[in-house]
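I'd like to ask some things about the structure below.
Treat the numbers as computed from the prediction; the structure is a model and nothing was measured. Whatever order the structure lists ligands and atoms in, that order sets their numbers, starting from 1.
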Amino acid sequence: MDDAGSVVVLTGAGVSAESGVPTFRGEDGLWRNFRAEELATPGAFARDAKLVWEWYQWRRELVAACKPNPGHEFIARLEREHRGDFLLVTQNVDGLHRLAGSSKLVEVHGDIWQVRCTSCGSSREDRTLPFPELPPKCDGCGGLLRPGVVWFGEALPEEAIGRAFAAANSCDLMLVVGTSAVVYPVAYLPELAKDAGAYVIEVNPDETPLTPRADESWRGKAGEVLGGLL
Ligand code: APR
């Protein structure tokens, strides 16, 4: 892997599964019988901000108790030791890659520890747990706060997704770890990398829509497969 000039690692919820963070799809992804697609939307927040915040507060509590696993550690080490260009593109909002030491990364779906005011637009890190009342309010203007994440139907942060697409378009190797590869536009990244001639390796215990196009599929859990390479 060290020979590859430019490396992009793309991760999804599966890389954090062995840390104890539930994935979004499949049995584990259900919360009080809701699916992520029913809660992570501007419409759901407009209808019932308290319910949506209860879900995020539950996830914040879960994530706060979790630590990076050997999958995160392998990716951080790859960044440190690789001599060419490197970029980690993560769909995860849990911050575990940064905790593991990754620094060349873009969090294209935001960060669960950020909050943004729906009235004045200010955003900041807020690790309050639990909030004294839900939904929480802005200290500055009293407006309704929302989680600093990207919901279904919303645009991704322009700078982050721009960097991700540029890197995918020019990488030699893409490692795709723990994503169901069904949520766009991120699911385009491996397609783009393949079309541009990159070698694509998938790490996932299950098949995904990407599998037929991947050059190699390493079937297994990220922490075990990548941890084994450490
Ligand atoms: N190691 C690697 N992969 C795993 C592991 C593991 N230990 N456990 C599960 N997986 C795989 C599953 O097989 C699945 O393909 O991780 C994937 C998780 O898929 P999703 O739950 O769909 O998560 P993700 O791909 O990150 O979802 C994309 O959807 O809900 C939105 O914004 C949210 O960023 C998220 C986006």
Side-chain angles (χ1 to χ4, degrees), residues 8-31 34-45 52 55-56 58-60 62-63 66-75 78 88-97 100 105-114 146-157 160-161 164 168 174-191 200-214 216-230:
V8 171
V9 179
L10 169 64
T11 65
V15 77
S16 294
E18 288 151 274
S19 294
V21 184
T23 58
F24 293 101
R25 291 173 184 79
E27 283 295 298
D28 277 2
L30 295 179
W31 175 78
F34 292 99
R35 296 179 318 138
E37 290 88 339
E38 295 167 40
L39 293 162
T41 71
F45 191 70
V52 172
W55 185 52
Y56 279 96
W58 171 75
R59 292 178 55 204
R60 283 162 64 106
L62 262 168
V63 167
C66 293
K67 290 186 181 63
N69 67 58
H72 298 104
E73 283 157 19
F74 171 83
I75 294 164
L78 184 61
L88 166 61
V89 180
T90 186
Q91 299 167 87
N92 298 346
V93 298
D94 56 31
L96 292 181
H97 281 301
L105 86 169
V106 284
E107 294 169 305
V108 288
H109 288 168
D111 173 358
I112 202 167
W113 300 110
Q114 290 278 326
R146 59 163 282 176
V149 300
V150 178
W151 285 332
F152 287 100
E154 294 186 317
L156 273 58
I161 195 68
M174 181 179 275
L175 195 58
V176 183
V177 187
T179 177
S180 55
V182 294
V183 174
Y184 286 84
V186 171
Y188 282 127
L189 295 170
E191 299 285 333
V200 174
I201 301 174
E202 177 179 58
V203 183
N204 199 310
D206 297 321
E207 281 201 16
T208 73
L210 171 67
T211 305
R213 283 212 78 192
E216 291 182 33
S217 288
W218 298 350
R219 287 277 157 262
K221 295 179 173 178
E224 290 175 8
V225 172
L226 298 179
L229 300 177
L230 277 172

**OP:** Would you mind listing which atoms of ligand 1 come within a distance below 4.0 Å of any non-hydrogen atom of Lys221?
**Re:** 1 (N), 6 (C), 7 (N)

Original post:
Taking Ser217 for the side chain and Arg219 for the main chain, is one N or O donor matched with an acceptor at less than 3.5 Å?
Top reply: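 No, Ser217 side chain to Arg219 backbone: no donor-acceptor pair under 3.5 Å.
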
Subject >> Check: Ser19 side chain, Lys67 main-chain N or O, donor-acceptor pair, under 3.5 Å >> reply: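 Answer holds: yes.
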
Original post:
Just which atoms of ligand 1 are under 4.0 Å from any heavy atom in Phe152?
Top reply: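 Those atoms are 30 (O), 31 (C).
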
Original post:
Identify the closest protein heavy atom to atom 12 (C) of ligand 1: which residue and atom is it, and at what distance?
Top reply: Asn204 OD1, 3.6 Å

Subject >> N/O separation below 3.5 Å, Ala222 to ligand 1 >> reply: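 Yes, since at least one N or O of Ala222 sits under 3.5 Å from an N or O of ligand 1.
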
Subject >> Smallest separation among heavy atoms of Trp113 and Asp111, with atom names >> reply: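 Trp113 and Asp111 have their closest heavy atoms at N-OD1, 2.9 Å.
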
Subject >> Within-cut-off N or O pair, His109 and ligand 1, under 3.5 Å >> reply: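 Yes; the residue has a nitrogen or oxygen that sits under 3.5 Å from a nitrogen or oxygen of the ligand.
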
Subject >> Phe45 ring center near Trp151 ring center (under 6.0 Å) >> reply: yes

Original post:
Do any N or O atoms from the side chain of Glu18 and from the backbone of Ala222 form a donor-acceptor pair under 3.5 angstrom?
Top reply: yes

Subject >> Check: Arg35 side chain, Gly29 main-chain N or O, donor-acceptor pair, under 3.5 Å >> reply: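 Not at all, since once roles are kept as given, no pair shorter than 3.5 Å links the two residues.
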
**OP:** Check each atom of ligand 1 against the heavy atoms of Asp206 and keep those under 4.0 Å away; list them by number with element.
**Re:** 13 (O)

Original post:
Among all protein non-hydrogen atoms, which one is nearest to atom 33 (C) of ligand 1, and what is the separation to 0.1 Å?
Top reply: Phe24 CE1, 3.7 Å

**OP:** May I ask you to check whether Ala17 has an N/O atom sitting below 3.5 Å from an N/O atom of ligand 1?
**Re:** no

Original post:
Between the main-chain N or O of Ser16 and the side-chain N or O of Asn69, is there a donor-acceptor pair closer than 3.5 Å?
Top reply: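 Not a single qualifying donor-acceptor pair exists.
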
Original post:
Can you check whether Ala13 has an N/O within less than 3.5 Å of an N/O in ligand 1?
Top reply: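 Ala13 vs ligand 1: N/O contact under 3.5 Å present.
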
Original post:
For atom 6 (C) of ligand 1, which protein heavy atom lies nearest, and how many Å away is it?
Top reply: Gly14 O, 3.2 Å

Original post:
Taking both backbone and side-chain atoms of Arg25, is any N or O found less than 3.5 Å from an N or O belonging to ligand 1?
Top reply: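 Between Arg25 and ligand 1 (N or O atoms, distance only) the closest approach is under 3.5 Å.
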
Original post:
In the protein, what heavy atom is nearest to atom 28 (C) of ligand 1, and what distance, to one decimal place, separates them?
Top reply: Gln91 OE1, 3.2 Å

**OP:** Find out whether Ile75 and Val15 are in side-chain contact, i.e. whether some heavy atom of one side chain is under 4.5 Å from a heavy atom of the other.
**Re:**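 Contact flag for Ile75/Val15 side chains = yes.
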
**OP:** Please write down residue, atom name and distance for the protein heavy atom closest to atom 7 (N) of ligand 1.
**Re:**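 Minimum-distance protein heavy atom for atom 7 (N) of ligand 1 reads Glu18 OE1, 2.9 Å.
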
Subject >> Option nearest atom 18 (C) of ligand 1 (shortest heavy-atom distance, choices Ala40, Gly71, Gly178) >> reply: Gly178

Original post:
Do the numbers put Arg59 on top of the ring of Trp31, so that NZ or CZ is under 6.0 Å from the six-membered ring centre and no more than 45° off the axis?
Top reply: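 Geometry flag: not set, cation outside 6.0 Å or 45°.
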
Original post:
Can you tell me the protein heavy atom closest to atom 25 (O) of ligand 1 and the distance?
Top reply: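 Of every protein heavy atom, Thr179 OG1, 2.6 Å lies nearest to atom 25 (O) of ligand 1.
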
Original post:
Which of the atoms in ligand 1, numbered in the order shown and given with their element, are less than 4.0 Å from a heavy-atom of Gly12?
Top reply: 26 (O)

Original post:
Below 4.0 Å from any atom of ligand 1, is there a heavy atom belonging to Pro205?
Top reply: yes

**OP:** Check the pair Val186 / Leu156 against side chain to side chain contact (heavy atoms under 4.5 Å, CB included), numbers first and verdict last.
**Re:** CA-CA 10 Å; Val186 171; Leu156 273 58; 4.1 Å; yes

Subject >> Atom pair CG/CD of Leu210 and Glu191 - distance to nearest 0.5 Å >> reply: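 CD of Glu191 is found 7.0 Å from CG of Leu210.
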
